Structure formats: structure tokens, C-alpha cells
Amino acid sequence: MTLRLRSLAASMAAVLAGFPATLPVPVARAEAPAAAADDPSVVLVRVRRAQKTPVASDVVLTGDIQAQAQTNVAFRTNGKVAERRVEVGDHVGADQVLAVLEPLTQRANLDNARAALVSAEAQLTQAKVTFERQKQLIGSGYTTRPSYDNAEQQLRTSQAAVDSAKAALGTAEEQLSYTELRAGVSGIVMSRTFEVGQVVQAGQAVMVLAQDGPRDAVFNVYEALTANPPAEKTIRVTLQSDPRVEATGHVREISPTVDASSGTVRVKVGLEETPPAMSLGAVVIGRGRFAQREAVVLPWSALYRSDDRPAVWIHDPATGKVSIRGVEIDRYGFDDIVLKDGVAPGETVVIAGIQFLRPGQRVAVAGPADTAADAAGKGGR
């Protein structure tokens with residue numbers, strides 16, 4: 001029996017000799033403070049010490065190309081549309097006839113004016129002959145002075161009648177020309193609001209013409225952007241369908257009112273040179289760079305919602321408790337948020353574990369507090 005025990009002890013010694021002298025000690029995944037181990041109600045979180053860091057961002061907007069000047073084209077006389085010679089999208093010249101009214105009334109007025117002029121000229125010819133005869137007779141003493149004066153007055157009256165008839169003829173010709181719709185400027189027909197056979201009134205806009213010349217890139221932007229415009233006055237505009245087509249421009253006009261339906265403000269950027277590919281209505285992308293400024297930057301994981309407003313959890317190192325605080329967001333980034341107000345530099349913000357928190361919750365911080373600069377160095381932003 002003793003011999004068997006000795007043999008078993010020798011075997012166990014041989015097996016133990018194959019193992020290392022020391023076994024590895026399991027390492028905890030997170031170095032939680034002792035308080036977290038003692039009190040299960042304490043939540044383990046990660047925090048970051050807020051500080052202001054330089055922030056610069058690009059503004060990317062989508063808009064379209066529009067003409068800087070648009071003309072409402074209207075007939076200058078009443079009438080019924082007899083012919084329409086252009087369509088939407090056509091390029092027209094300044095003196096090109098766009099549409100024609102039925103000229104029956106205007107032609108009748110023109111014929112009357114011509115007849116009146118012929119009559120007035122005939123009376124003038126007769127008055128001239130009478131005056132010349134009276135002029136010769138009075139020199140010889142064969143007529144009276146009143147007869148001579150009457151002939152002279154008749155001559156002047158006839159001359160005034162001819163002048164009036166010529167003016168009436170000119171007016172009739174002008175009225176006839178009003179039956180032809182001409183834009184007066186060259187451009188592209190953007191829209192029309194009439195058809196053949198429709199009766200239109202003088203001054204009623206029937207077409208919108210985009211004049212040839214400079215072009216605008218028009219964007220609808222939020223009002224906050226107009227209050228803090230980009231530092232660079234030059235806006236780079238690229239064609240959405242072909243980013244290789246580029247143009248530069250400057251802000252030419254900012255609407256003084258906000259669109260009630262979208263809450264945006266219309267901004268027009270005048271292009272210095274418009275590439276041919278940037279036709280009217282083409283969708284373009286505008287880019288501008290804001291001036292560099294300092295602001296508190298936090299990761300998306302720190303953002304919380306309280307009373308339908310953005311908020312963050314603030315950690316008090318003295319008490320080890322957290323409280324919720326509303327913040328104002330200046331800009332949303334791809335993986336971070338830029339705060340406009342709500343967190344002061346030096347305060348500690350919870351950036352992980354916020355889903356387990358409640359106001360007054362005691363927490364334990366896992367590891368040292370990060371800073372924005374440290375996170376940037378680790379590739380956090």
C-alpha cells in the first residue's frame with residue numbers, strides 16, 4: 001500500500017512539472033473604481049472634459065441656375081389671339097414676333113386714318129389755290145381785304161387738318177403693330193399663359209422671358225446661415241451632373257423675407273462667367289467655407305433628448321453624480337456635434353453609458369476623462 005501511494009505521488013509530481021511555475025491572472029476588462037464594485041446601483045460611464053477647439057466647416061447647398069433678369073411680356077392692345085409662333089424653351093430675338101392678334105379693328109382704323117389724310121390733303125390743295133388767287137387779286141385791287149383774310153385762314157385750317165390726319169395715321173399704324181407681340185429683348189421663353197383663340201387684355205402678362213446675359217445660382221438656405229455667412233466671399237459652384245464644370249460667384253442678393261412654407265431664405269449668387277453646360281434650370285452645388293472659430297465639440301454618443309430638446313449629461317466630480325442639461329446645437333457633423341451654448345469649457349460631459357442614467361444618478365468613471373484634443377488625436381473626430 002505504501003509503495004502504491006509513493007508511485008501515485010511521483011506521477012502527480014511529474015504532471016505538475018509540465019505546467020508553468022506561475023499561472024496568468026485574469027485581467028478586468030475595465031478598471032472600474034472600487035465604488036462600482038461595492039454598490040451595484042453605481043453606473044459605469046465614460047466622460048470627456050469639455051474645451052473649446054478650432055472649428056471650420058464647409059457649407060454645401062443645392063440650387064439651380066436662373067437668369068438675373070426676367071421680363072413679363074404682354075400685348076399692348078386688346079384682342080383675340082390668332083397665332084402663336086414660339087414655345088416654352090425657345091430662344092427668341094429682340095424683334096422676333098412671338099404671337100399675333102386678329103387685326104380686324106386695327107386695320108379698319110388704319111384705313112379710316114388713311115382716307116382722312118387723303119381728304120385733308122385735298123382740302124389743303126384747294127385752300128392753297130384759293131389763297132394764291134386772292135393774293136394776286138388783292139395786289140391788283142380786284143378783291144377785298146376780308147376775302148383775302150378768309151382765304152388765308154382757310155389755308156391754315158387745312159394745313160392743321162393735314163397735320164392732324166398724319167398724326168392719326170401714325171397712331172393707327174402703331175396700334176396695328178401692337179397686334180404683333182415682340183419681347184424687345186433676346187432671351188429664352190420660360191413660360192406662357194395663353195392659347196390661340198383666347199381673348200387677352202392690354203398689359204396682361206402672357207409670357208415670361210429670361211433675358212440673355214449674366215446668370216445666378218439661386219439657393220434656399222436657412223436663416224441662421226445668413227446671420228453667420230462664410231468668411232470667403234467667393235462661392236464655388238459646380239454642376240451636379242458633371243462636377244468638372246465649375247464657376248465662381250459672389251452673393252448678389254439676399255431675400256429680406258423668410259419663406260413661410262420652408263422656413264428658408266432665397267440667396268442669389270451672381271456667376272462671374274457661366275459655362276455653356278450651366279443652362280437655365282440646371283441643378284448646381286454651391287460650396288463656401290466658414291471662418292474658423294472656437295466651440296465645444298462632443299461625439300454623437302453624448303447627445304440626449306430631454307423635453308423634446310437636445311441635452312447632455314454633466315458629471316460632477318465632487319459628488320460623483322450626474323445631471324441633465326439642455327444645449328443648443330450649432331452644427332451636426334458626421335461623427336460629432338458642435339455646441340453653440342449649454343456647456344462651458346472645463347465641465348465634464350458623459351459620452352458613454354447615458355442610456356442608464358437618471359438625474360442624480362451616482363456614476364463611476366471608467367478611466368481618465370478624455371478631452372476634445374485627445375479625441376482628435378485618436379481619430380475621434
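Since this is a predicted model, take the numbers as computed values, not measurements.
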key: Single-linkage hydrophobic cluster, 4.5 Å side-chain cutoff, Leu181 and Val208 together   = no

ask   = Hey, is the main chain of Glu174 close enough, under 3.5 Å, to the side chain of Ser177 for a donor-acceptor pair?
value = yes

key: Lys128/Glu132 ion pair, N-O < 4.0 Å   = no

message = Donor-acceptor check, side chain of Thr71 to backbone of Val73, threshold 3.5 angstrom: yes or no?
response = no

Flag side-chain contact, heavy atom, 4.5 Å: Leu101 against Val200 = yes

message = For Gln134 and Ser147, which I'm curious about, is there any donor-acceptor pair between the side chains at under 3.5 Å?
response = no

request  = Show the numbers, then the answer: is there a side-chain contact (heavy atoms from CB on, under 4.5 Å) between Thr130 and Gln154?
outcome  = CA-CA 9 Å; Thr130 302; Gln154 186 64 34; over 6 Å; no

query = So, the side chain of Asn78 versus the backbone of Ala202: is there a donor-acceptor pair under 3.5 Å, distance only?
reply = yes

inquiry  = What verdict does the side-chain contact (heavy atoms from CB on, under 4.5 Å) test give for Arg192 and Val206, after you've listed the backbone C-alpha separation in whole Å, the side-chain angles of each residue and the deciding distance to 0.1 Å?
reply    = CA-CA 5 Å; Arg192 61 175 177 84; Val206 295; over 6 Å; no

inquiry  = Atom CZ of residue position Arg84 - does it have more than 12 heavy atoms of other residues, nucleotides or ligands inside 6.0 Å?
reply    = yes

request  = Evaluate the side-chain proximity of Pro359 to Trp313: yes if any heavy-atom separation is below 4.5 Å, no if none is.
outcome  = yes

When the side chains of residues 88-96 are checked against the rest of the protein, which donor-acceptor pairs come out under 3.5 Å, sequence neighbours left out?
from: Asp90; atom 1: OD2; to: Glu87; atom 2: N; distance (Å): 2.7
from: His91; atom 1: NE2; to: Asp212; atom 2: OD1; distance (Å): 3.3
from: His91; atom 1: NE2; to: Asp212; atom 2: OD2; distance (Å): 2.7
from: Gln96; atom 1: OE1; to: Gly93; atom 2: N; distance (Å): 3.1

ask   = Does a side chain donor of either Gln123 or Ser158 reach within less than 3.5 Å of an acceptor in the other side chain?
value = no

task = For atom CD of Gln204, decide whether the heavy atoms of other residues, nucleotides or ligands shown that lie under 6.0 angstrom number more than 12.
result = yes

query = Quick one: are Val338 and Val297 in side-chain contact, heavy atoms under 4.5 Å?
reply = yes

task = With side-chain contact (heavy atoms from CB on, under 4.5 Å) as the test, would you mind laying out the steps for Ile314 and Val343 before giving the verdict?
result = CA-CA 9 Å; Ile314 302 297; Val343 177; 4.3 Å; yes

note = The side chain to side chain contact (heavy atoms under 4.5 Å, CB included) partner of Leu271 among Thr248, Asp216, Ile65 is Ile65

Donor-acceptor pair, side chain of Ser119 and main chain of Ala115, under 3.5 angstrom = no

query = With Glu347, which of Arg48, Arg325, Lys52, Arg49 fulfils salt bridge (charged side-chain N to carboxylate O under 4.0 Å, His left out)?
reply = Arg325

ask   = So, do Asn220 and Asp259 sit near enough that their side-chain heavy atoms are less than 4.5 Å apart?
value = no

inquiry  = Walk me through whether Leu209 and Ile188 qualify under side-chain contact (heavy atoms from CB on, under 4.5 Å).
reply    = CA-CA 6 Å; Leu209 192 71; Ile188 298 176; 5.6 Å; no

inquiry  = Is there a side chain to side chain donor-acceptor pair (under 3.5 Å) between Thr62 and Gln240? Walk through the geometry before answering.
reply    = CA-CA 9 Å; Thr62 303; Gln240 186 185 43; 5.3 Å; no

query = According to a 4.5 Å side-chain heavy-atom criterion applied to Ile, Leu, Val, Met, Phe, Trp and Tyr, with indirect links allowed, do Val365 and Tyr304 form part of one hydrophobic cluster?
reply = yes

task = Please examine the side chains of Gln211 and Gln68, heavy atoms only from C-beta on, and report whether any two atoms are closer than 4.5 Å.
result = no

ask   = Is there side-chain contact between Lys321 and Asp316, with heavy atoms separated by less than 4.5 Å?
value = no

task = Please confirm whether the backbone N or O of Gln175 pairs with a side-chain atom of Thr179, one donor and one acceptor, at under 3.5 Å?
result = no

request  = State yes or no: do Leu104 and Phe75 share one hydrophobic cluster built from I, L, V, M, F, W and Y residues joined by side-chain heavy-atom distances below 4.5 Å, directly or via other members?
outcome  = no

inquiry  = Could you tell me if the side chain of Ile235 sits less than 4.5 Å from the side chain of Arg287, heavy atoms only?
reply    = no

ask   = Is there a side-chain contact between Asp64 and Val218, using heavy atoms and a 4.5 Å cut-off?
value = yes

